[in-house]
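Following: one structure in C-alpha cells, then a few remarks.
We count residues from 1, following the sequence as given.
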Amino acid sequence: MGTENNANVEISEPLLVESEKIRDVEIERIPEWKEQITIRGLVVSAVMGGLFCIITHKLNLTVGIIPSLNVAAGLLGFFFVKSWTGLLSKLGFSVQPFTRQENTVIQTCVVACYGLAFSGGFGSYLIAMDDRTYKLIGEDYPGNRAEDVKNPDLWWMIGFLFVVSFLGLFSLVPLRKVMVMDYKLTYPSGTATAMLINSFHTNSGAELAGKQVSCLGKYLSISLFWSCFKWFFSGIGDSCGFDNFPTLGLTLFKNTFYFDFSPTYVGCGLICPHIVNCSVLLGAIISWGVLWPYISQHAGDWYPADLGSNDFKGLYGYKVFIAISLILGDGLYNLIKIISITIRELCNSSAKQKNLPISNEALDAETSRLLMEQRKQDEVFLKDRIPSWVAVSGYVGLAAISTATIPNIFPPLKWYLVLCSYIIAPALAFCNSYGTGLTDWSLATTYGKIGLFIIASLVGRNGGVVAGLAACGVMMSIVSTAADLMQDFKTGYLTLSSAKSMFVSQLIGTAMGCVIAPLTFWLFWTAFDVGSPDGPYKAPYAVIFREMAILGVEGFAELPKHCLALCCGFFVAALVVNLLRDVTPTRISQFIPIPMAMAVPFYIGAYFAIDMFVGTVILYIWERINRKDAEDYAGAVASGLICGDGIWTIPSAILSIFRINPPICMYFGPSASS
C-alpha cells in the first residue's frame, strides 16, 4: 500500500501548518483509557469500516491502487459522532462530550478494519487460488495444477483471518516506547492524522471540519446519483454504457484509451500525488500505446497467432510477466533501500548520533511550553502500560494456534513452515515498521512476495502454488498490521490518547475486519463476475500472484519468445529509475516516474490512467487558482467521489443478485460505410 501512504502525505501536509494553532489548546482533562472507547464510537467504526471495506474491495478488484482514506475516516467519524451527540442533546438527553481521544480510537478502529480488506488478500493471494484464475492461466499450463485450487468460502476466509491477523499486533508492542519516543520516528501518515484530529477539536478547526464535511456530503451525493444514472445505460454484459464510452475515438478505445466517467478513479487522481498519476499515465502510454501494438505485430512469429486474448502463451503472457518484473524490481530496490536506511540509522542511534528524522515538536523543544507539552505526551503515553508478558504470551499463544490451524485450511503449507515464518516474522515486522516510520512507505506486499517465492520453491510441484500463496498471506498480515499499529501509536501519542486504548481499539478493529472484510467481499463474489478479464472486476493481481507462485515452482522455462529478455530489461529499468529518483536533486527527481505506479496499467488497461490524470489536472488547476481552497477541500471532494461510488456498489450488487438488469444498453460502434 505504498501508493496509499504517499497519497496521505500529499493531502495531509497542509495540516502540519496548523500545528501552532493546535498547540494553543488549553490543558484538558485526559479521559481514562476505558472512557476513550465508547459504544457509540464502536458503532460508528463498524458502519464506516463496512463502507471502507467495500471501497477497498472495489479498488482492489478493479485496478489495485488504493489511496489513503484516512481523511475520509477522520471527517466521517467526526461528523457521525457530532451528529449523534447533537441529536441526543436536542432530544434532552445528557451526552458524553466528544473528545479527540475518542476520535482517535474511531480512526484507529476503522483503519484496522478496512486494512484487512487489503492485507487479507481478497484481490491478490486468496483469490489467486480460485478455479477461475486457474482456468484463466490455462489448464495445460506447466505448473498450473487442478489440485492447487481452493475456491473462496466465507467460513474458511473468516477463520484464516482470525488466526493470522492478530499476530502482527503483539509482535512489536514491547517496542512502542523505543519507536515512538526514543527514536522519535516521524510516521508521517500517523503524524498528519493526529494533526487532522487535533484541528477538529479547536474552535477554528471545528468550523473548517464542518465545511469539509458539507463538501464531502455534496460530492458524495453527486457521485452516488451519477453512479445510479450510469447503471441505467450499462445493459447486459461488459460492452455497454458510460464505462465503455469512446471519448478519444474508436481507434484509441480499442487500445483501452478512453475516459470512463468513474468518480472513484477521478477521486483517486485528486488524492494521489501528481507524480503517481503521471507515472500511471506514462505506464499506460508505454504499454498500450507502444509495446503491446509492437508485440502484436509479431503474432505468428513470437507466439501463435490463433491464441485467445487471455492465453498466457500469447500477448497476455507478455502483459502479466512484464508487469510482474516491474513490480518486483521496484519492490526489491525499495526493500534494500529501506533495510540499509534502517541499519544505518540504528547504528547512528547506538553511537549517540541523533541523525534520525525528528518531528517538528521535538525540533522546537527549546521553548518551555513545547517542552511541557512533550512531557505531557510522554506521561500519557507511558501511563497505561501494556505488560511485555502480555505481548509475548499473546504472540506465542496465537502462533501456536495458527501453526496448528493453517495446515488444516491449506494442507500443502506444513506446520513447520508456518512455525519458521512466525519465528522470523517479528524481525521483518520491525524492519517494515521502522522503514514506515522513516519513509511512510509500507513494503508489506514485498515481504509477502518474498515469502511466496521461498515457500513455493521449498514445497515444489506438489502443492507449492497454494503453499506459497498462503505463506504470502501469513507474512503480509503480520508486517502490515505491525506497521499500522505503530502508526496508530504515533497518532495516539500526539493526540494524548492512551497507548492501551490504541492497542485495544486496534484489536477491536481487527476483529471487526476479520468478519466485515470477508462479508463485504462475499457481496462482490456472489453479485458480480469477479476475475473475468473482460468484466469490470478483473481482479488483476489474482493472476499476477498465481503466476509468481508458479514461477517459484517452475522457473522461467515456459515464457513466450523474447518475454524473458523484455522482463529482464524492465526489471533493470525499475532499479535504474528508482536509483535516479534517489541520487538526482529534488528539482529533477520530482519529475522522474515511479516504476510501481507505471506497472499497474501494463496489465489492466489505460482507461483508469485517463481518469486519474483528469483528477490530477483538476487539482493542478485548482491549486493554481486558489491553493488554500485546494489544500482545505481537495481531500474532502475526493473522499466524497470515492465514497458515493462505493455506496452505489451495495444497491448495484443487490440488483445483480436478484438478476435485475439495466434497461438500456448504450453502445458505440463505427458508422456503416456507404
Side-chain angles (χ1 to χ4, degrees), residues 31-54 56 69-70 72-74 76-78 80-81 84 96 98-120 157-173 176 190 193-194 197 381 383-387 390-391 393-395 397-398 401-402 477-478 480-493 495-521:
E32 290 297 314
W33 75 269
K34 289 180 182 176
E35 295 173 15
Q36 296 173 21
I37 303 169
T38 62
I39 298 295
R40 69 186 180 194
L42 297 181
V43 171
V44 167
S45 299
V47 172
M48 288 170 54
L51 171 61
F52 286 5
C53 276
I54 288 170
T56 304
L69 299 172
N70 285 9
L76 287 173
F78 180 79
F80 281 136
V81 179
W84 184 323
Q96 183 182 335
F98 181 42
T99 62
R100 55 176 165 161
Q101 288 79 14
E102 185 181 353
N103 206 161
T104 307
V105 164
I106 293 171
Q107 177 93 6
T108 300
C109 225
V110 172
V111 172
C113 180
Y114 86 79
L116 286 187
F118 172 76
S119 65
M157 289 192 300
I158 290 173
F160 175 70
L161 288 184
F162 267 108
V163 296
V164 301
S165 299
F166 291 91
L167 280 111
L169 303 181
F170 287 93
S171 61
L172 294 185
V173 166
R176 68 192 181 283
T193 302
I197 290 170
F381 192 67
K383 180 186 171 191
D384 297 311
R385 292 185 177 277
I386 304 163
V390 170
S393 58
Y395 187 84
L398 287 168
I401 294 168
S402 189
S477 295
I478 292 175
S480 176
T481 51
D484 287 347
L485 177 68
M486 217 48 74
Q487 287 267 25
D488 291 331
F489 276 142
K490 180 69 175 184
T491 304
Y493 175 79
T495 57
L496 298 178
S497 302
S498 163
K500 193 175 282 187
S501 72
M502 290 289 92
F503 183 64
V504 172
S505 63
Q506 185 91 12
L507 286 173
I508 294 169
T510 302
M512 286 178 180
C514 288
V515 177
I516 293 172
L519 282 173
T520 47
F521 170 74

Measuring from atom [atom1] of [X] to atom [atom2] of [Y], what distance do you get when rounded to the nearest 0.5 angstrom?
X	Y	atom1	atom2	value
Y395	L172	OH	CG	9.0 Å
M486	T481	CE	OG1	10.5 Å
F381	S498	CZ	OG	9.0 Å
T491	N103	OG1	CG	11.0 Å
S477	L167	OG	CG	9.0 Å
I197	Q107	CD1	CD	4.5 Å

Self-check item: Qualifying side chain to side chain donor-acceptor pair (under 3.5 Å) pairs with a residue from residues 38-50, counting only residues at least two apart or across chains
Solution: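 Qualifying pairs: T38-E102, R40-E102.
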
Quiz prompt | Qualifying side chain to side chain donor-acceptor pair (under 3.5 Å) pairs, either residue in residues 512-521, two or more places apart | solution =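 As it turns out, the side chain to side chain donor-acceptor pair (under 3.5 Å) pairs with a partner in residues 512-521, which skip direct neighbours, are H57-T520.
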
Under the rule for side chain to side chain donor-acceptor pair (under 3.5 Å), what residues qualify as partners of [X], not counting sequence neighbours?
X	value
D484	none
S402	Y422
S501	Q36

Quiz item: Mind checking what makes salt bridge (Lys or Arg N to Asp or Glu O under 4.0 Å) contact with K383, not counting sequence neighbours?
Solution: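 Listed in chain order: E32.
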
Quiz prompt | Partner residues of F170 under the ring pair (Phe, Tyr, Trp, His ring centres under 6.0 Å) criterion, sequence neighbours left out | solution =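 Result, ring pair (Phe, Tyr, Trp, His ring centres under 6.0 Å) vs F170: F503.
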
Quiz prompt | Residues which pass ring pair (Phe, Tyr, Trp, His ring centres under 6.0 Å) with F166, listed by chain and number, not counting sequence neighbours | solution =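 If we apply the ring pair (Phe, Tyr, Trp, His ring centres under 6.0 Å) test to F166, skipping adjacent residues, there are no hits.
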
Kindly give the heavy-atom pair with the smallest separation between [X] and [Y], and that separation in Å.
X	Y	value
G513	P518	O-CD, 3.4 Å
S165	L116	OG-CD2, 3.5 Å
C53	C113	SG-O, 3.8 Å
I516	G50	CG2-CA, 3.6 Å
V164	I478	O-CG1, 4.5 Å
V110	A73	CG1-CB, 4.2 Å

Quiz item: For the residue pair F78 and F98, does the interplanar ring angle fall in the parallel (under 30°), tilted (30 to 60°) or perpendicular (over 60°) class?
Solution: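 Ring orientation, 0 to 90° scale: tilted.
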
In chain order, what residues pass the side chain to side chain contact (heavy atoms under 4.5 Å, CB included) check against [X], with sequence neighbours excluded?
X	result
A391	V173, P174
T108	T104, D488, M502, S505, Q506
V515	F162, L519
V43	I39, W84

Self-check item: Expected output: side-chain Q101 to main-chain L496 donor-acceptor under 3.5 Å
Solution: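 Here the side-chain-to-backbone pair exists.
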
Practice problem: Taking the side chain as every heavy atom from C-beta outward, state whether I386 and R176 have any atom pair closer than 4.5 Å. | Solution: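 Touching, per the 4.5 Å side-chain cut-off.
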
Quiz item: Side chains of C109 and L42: does their closest heavy-atom pair fall under 4.5 Å?
Solution: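 A side-chain contact exists here, since the closest heavy-atom pair is under 4.5 Å.
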
